[in-house]
Amino acid sequence: MSRNQIVRDAAGIKDFLAKVSNAPFLALDTETSGLDPHQDTLLLIQFGTADEQVLVDAQAVDAQALTPIFEHDRVVVMHNASFDLKMLENHYGPLLGLAQANIADTLAGEQLLRNGRKSDVVMQGFSLKALAERYAGMELDKSVRQGFYGIESIDDLSDSELFYAERDVEATWKIFAEQLPELRKEGLLRIAGLEGQAQYAFAELELKGCPVDVDSWRALMSDAQTQRGEARRALDTHFWDVADRDLFGGTTLNYNDDEQVMDALARLGLRLPNTRKEVLLATGHPAASALVNYREHQKLVSTYGEGFLAHVHGKTGRLHPRFRASGAITGRASCSEPNLQNIPAQSQFRACFRVPPERRLITADYVGAELRIIADQSGEPFFLKAIAQGQDLHALVATRLFGRKVSKTENPELRARAKAINFGLAYGMGSGGLAEQLGCRLHEAEQLLMAYFKAFPKVKAFLETSAEEGLRRGYVSTVGGRKYWLTDMRREGRDEGSLRRVAKNMPIQGTNADMIKLAMSRIVRRFRASAIDAFLVNMVHDELVVESAAQDADKALRAVEQEMMSAGAEFVKQVPMAVEAAIGESWEH
DNA sequence: GAGGCACGCGCC
DNA sequence: AAACGGCGCGTGCCTC
């Protein structure tokens with residue numbers, strides 16, 4: 001290993017590609033001085049096969065030199081591709097053509113293969129090191145990586161560090177070579193392809209980040225803090241006679257400590273099984289509702305206060321969360337640091353996610369996605385017809401169930417009941433849960449469910465078949481072919497009811513995830529292909545948020561709508577999907 | 001001081 | 001009233 005194996009120009013890259021032109025795919029990895037593309041440096045790009053690798057000085061080459069690597073007829077395999085894509089995109093810009101590249105991901109592949117059955121193999125996690133050991137018998141010494149942190153140029157890298165960089169390529173290549181037949185055997189090739197193609201979209205989400213108006217947000221949190229103070233004083237008056245008092249006219253109770261709160265409530269005569277909101281409100285006691293009120297403001301201040309704002313990036317002034325493309329076992333994405341998938345839905349909060357006047361935000365939702373999936377998968381004629389005619393399904397179901405005219409204005413309480421069942425279905429809800437949800441008697445909920453399934457037998461059949469098949473085969477799957485094995489749940493001793501609910505829910509929730517991931521990958525490609533100045537800034541399970549230049553907003557909206565619809569049509573065949581999209585300056589709907 | 005757990009609650 | 005699916009985060013409390 002010597003320094004002259006480092007390539008610093010387009011010719012070197014071309015020569016190497018010619019040498020490996022017969023390889024079915026190439027593996028690629030990068031070395032960076034840190035994890036933050038806006039802060040840290042891309043040092044090395046290494047790629048190749050199991051036998052031959054090349055190191056590219058990232059600082060010495062331009063996008064033009066690298067484009068041949070990512071031509072669409074070549075599969076480029078990475079481990080946790082969104083990270084490398086993020087660093088590459090930031091360093092070279094859209095010229096590199098990453099949005100159109102044909103990406104495969106060994107991390108995504110492994111997650112698909114092991115989803116719900118981690119306990120089948122000796123797992124050391126999903127790191128490249130762990131997979132290299134298990135699939136290729138290779139020892140990767142990750143301590144070497146420490147050497148890259150803070151480095152500015154590859155001239156500072158030692159031979160052992162360069163050797164390590166090459167070994168990562170070799171390992172990634174070998175892992176993918178082993179995963180491929182496994183994926184094929186399990187029928188996971190299609191979904192693995194979809195996951196690979198979605199990596200760039202997730203990289204874009206993280207890299208571009210989400211715009212937030214910090215001053216407006218802080219003002220909301222300041223209000224919450226004030227109201228939390230008032231709420232705490234109100235609580236003190238309620239508990240004054242049953243608690244110790246401090247020197248400042250308050251009680252010594254810590255209202256954040258459920259045990260203390262439960263004891264204090266008991267002294268007021270309220271003996272509760274827990275201190276959940278519904279249980280507190282059901283008592284009708286003023287101290288209980290005061291506690292609910294306090295908690296609401298406390299939640300805002302703690303979860304969405306300074307800790308949240310600490311994630312605003314010093315250089316970009318935006319939020320750059322981490323998205324895990326398959327963070328949920330159902331195939332849904334998850335988001336953290338900060339989580340942009342649980343921002344309060346009230347408009348004053350969403351309104352803080354705002355762009356300057358020359359920019360626009362486009363919000364686009366799948367309308368009733370899960371219900372449409374249920375309709376499609378079950379083939380329930382009543383559902384299919386109502387959706388095809390664009391009618392209000394909740395209202396129609398209510399009319400059918402209760403024998404009375406129901407719409408959003410006539411008997412809306414009956415519509416709400418039908419809606420509760422329609423939603424609950426996807427979660428495998430039983431009569432107990434429904435009674436809780438509706439605040440009615442158990443036997444009333446039982447009768448309601450019976451009437452529902454009698455009216456819509458194919459819905460019942462679909463859900464029960466999911467549960468039965470899941471238990472029999474040991475796994476459930478989505479329309480996109482994603483699988484979820486019940487192996488780990490069984491080993492954890494989860495009861496059958498729990499398994500059945502998961503088996504009912506995963507195909508629905510997971511198909512929704514398949515669908516929006518395909519939409520995302522098509523949208524980002526379309527933006528590039530059509531030279532639309534727009535990019536993704538958030539995704540919340542069945543909703544996408546896109547930022548665009550004001551003059552491109554109409555085109556961006558049409559692209560988002562069309563791609564969401566066409567992606568939906570690949571998974572939901574019997575009914576049309578519906579997308580509600582709007583252009584604005586904030587995330588407010 | 002770090003890590004893990006239970007709880008409660010924000011979202012879909 | 002543990003039993004409605006999937007997440008991440010803050011708090012309090014525990015152990016090490």
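Every chain is numbered from 1 and lettered A, B, ... according to where its sequence line falls, protein lines coming before strand lines.
- A:Asp365 has its CG atom 15 Å from the P atom of B:dC11, to the nearest Å.
- The side-chain heavy atoms of A:Glu464 and A:Arg500, taken from C-beta on, include a pair separated by under 4.5 Å.
- Legend: residues meeting side-chain contact (heavy atoms from CB on, under 4.5 Å) with A:Leu281, ordered by chain and number and at least two apart, are A:Lys277, A:Ser289, A:Val292.
- Near DNA chain C, defined here as any heavy-atom distance below 4.0 Å, the residues from residues 467-503 of chain A are A:Arg501, A:Val502, listed numerically.
- Within the 4.5 Å cutoff, the side chain of A:Lys483 has no heavy atoms near those of the A:Val476 side chain.
- Inspection of the A:Trp485 and A:Glu186 side chains reveals no N or O donor paired with an N or O acceptor under 3.5 Å.
- Between the side chains of A:Ser336 and A:Arg322, no donor N or O sits under 3.5 Å from an acceptor N or O.
- If you check residues 430-438 of chain A against DNA chain C, the residues with a heavy atom closer than 4.0 Å are A:Gly432, A:Gly433, A:Glu436, A:Gln437, listed by number.
- Here A:Gln447 pairs with nothing under the side-chain contact (heavy atoms from CB on, under 4.5 Å) rule; sequence neighbours left out.
- At the heavy-atom level, A:Ala426 lies nowhere under 4.0 Å from the strands shown.
- For the segment residues 290-304 of chain A, residues with any heavy atom less than 4.0 angstrom from an atom of DNA chain C are, sorted by number, A:Gln298, A:Lys299, A:Ser302, A:Thr303.
- Atom CG in A:Leu425 sits roughly 16 Å away from atom C1' in B:dC12 (whole-Å rounding).
- Within a 6.0 Å sphere centred on CD of A:Glu259, other residues, nucleotides and ligands contribute 12 heavy atoms or fewer.
- A:Phe456 is linked by a ring-ring contact (aromatic ring centres under 6.0 Å, His included) to A:Phe382, A:Phe383, A:Tyr452, counting only residues two or more places apart in sequence or in another chain.
- Side-chain polar atoms of A:His297 and A:Asp223 form no donor-acceptor pair below 3.5 angstrom.
- Counting only residues at least two apart or in different chains, side-chain hydrogen bond (donor to acceptor under 3.5 Å, both in side chains) contacts with residues 431-445 of chain A comprise A:Arg417-A:Glu444.
- No side-chain heavy atom of A:Asp244 sits less than 4.5 Å from a side-chain heavy atom of A:Phe239.
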Per-pair distances, 0.1 Å, donor-acceptor, side chain in residues 508-519 of chain A, under 3.5 Å, sequence neighbours excluded:
| from | atom 1 | to | atom 2 | distance (Å) |
| --- | --- | --- | --- | --- |
| A:Gln509 | OE1 | A:Thr330 | OG1 | 2.6 |
| A:Gln509 | NE2 | A:Asn505 | OD1 | 3.2 |
| A:Thr511 | OG1 | A:Val479 | N | 3.1 |
| A:Thr511 | OG1 | A:Pro507 | O | 2.5 |
| A:Asp514 | OD1 | A:Arg482 | NE | 3.0 |
| A:Asp514 | OD1 | A:Arg482 | NH2 | 3.0 |
| A:Asp514 | OD2 | A:Thr478 | OG1 | 2.6 |
| A:Asp514 | OD2 | A:Gly480 | N | 2.9 |
| A:Lys517 | NZ | A:Glu195 | OE1 | 3.3 |
| A:Lys517 | NZ | A:Glu195 | OE2 | 2.6 |
| A:Lys517 | NZ | A:Ala325 | O | 2.8 |
| A:Lys517 | NZ | A:Ser326 | OG | 3.0 |
| A:Lys517 | NZ | A:Gly331 | O | 2.7 |

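- Sparse packing is recorded around NZ of A:Lys118, with 12 or fewer heavy atoms of other residues, nucleotides or ligands lying under 6.0 Å away.
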When you compare the protein's N or O atoms with those of nucleotides 3-5 of chain B, which come within less than 3.5 Å of each other, and at what distance?
none

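- Put simply, CZ on A:Phe308 is 16 Å from C1' on B:dC9, counting in whole angstrom units.
- A 6.0 Å sphere centred on CZ of A:Phe349 holds more than 12 heavy atoms belonging to other residues, nucleotides or ligands.
- The closest side-chain heavy-atom distance from A:Phe126 to A:Arg114 is below 4.5 Å.
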Listing, residues 564-584 of chain A side-chain donor-acceptor contacts under 3.5 Å, not counting sequence neighbours, or none:
| from | atom 1 | to | atom 2 | distance (Å) |
| --- | --- | --- | --- | --- |
| A:Ser566 | OG | A:Arg522 | NH1 | 2.9 |
| A:Ser566 | OG | A:Glu563 | O | 3.4 |
| A:Glu570 | OE2 | A:Arg522 | NH2 | 2.7 |
| A:Gln574 | NE2 | A:Asp376 | O | 2.9 |

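- Across all their heavy atoms, A:Phe323 and A:Glu206 have their closest contact at N-OE2, 2.7 Å.
- In this structure, CG of A:Asp514 is placed 21 Å from P of B:dC12, rounded to the nearest angstrom.
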Test salt bridge (Lys or Arg N to Asp or Glu O under 4.0 Å) applied to A:Asp236 and A:Arg245, step by step: CA-CA 9 Å; A:Asp236 280 343; A:Arg245 298 163 190 181; over 6 Å; no
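- Nucleotide B:dC11 holds its P atom 14 Å from the CG atom of A:Asn538, rounded to whole Å.
- Using a 4.0 Å cutoff to heavy atoms of chain A, the contacted part of DNA chain C runs 5' to 3' from C:dA1 to C:dC13.
- Rounded to whole Å, the C1' atom of C:dA2 lies 13 Å from the corresponding atom of B:dC7.
- Listed by residue number, the members of residues 259-277 of chain A with any heavy atom below 4.0 angstrom from DNA chain C are A:Pro273.
- Between A:Arg491 and A:Asp120 the shortest side-chain heavy-atom distance falls below 4.5 Å.
- The separation between A:His541 atom NE2 and B:dG10 atom P is 16 Å, rounded to whole Å.
- To the nearest angstrom, P of B:dC11 lies 18 Å from CG of A:Asn512.
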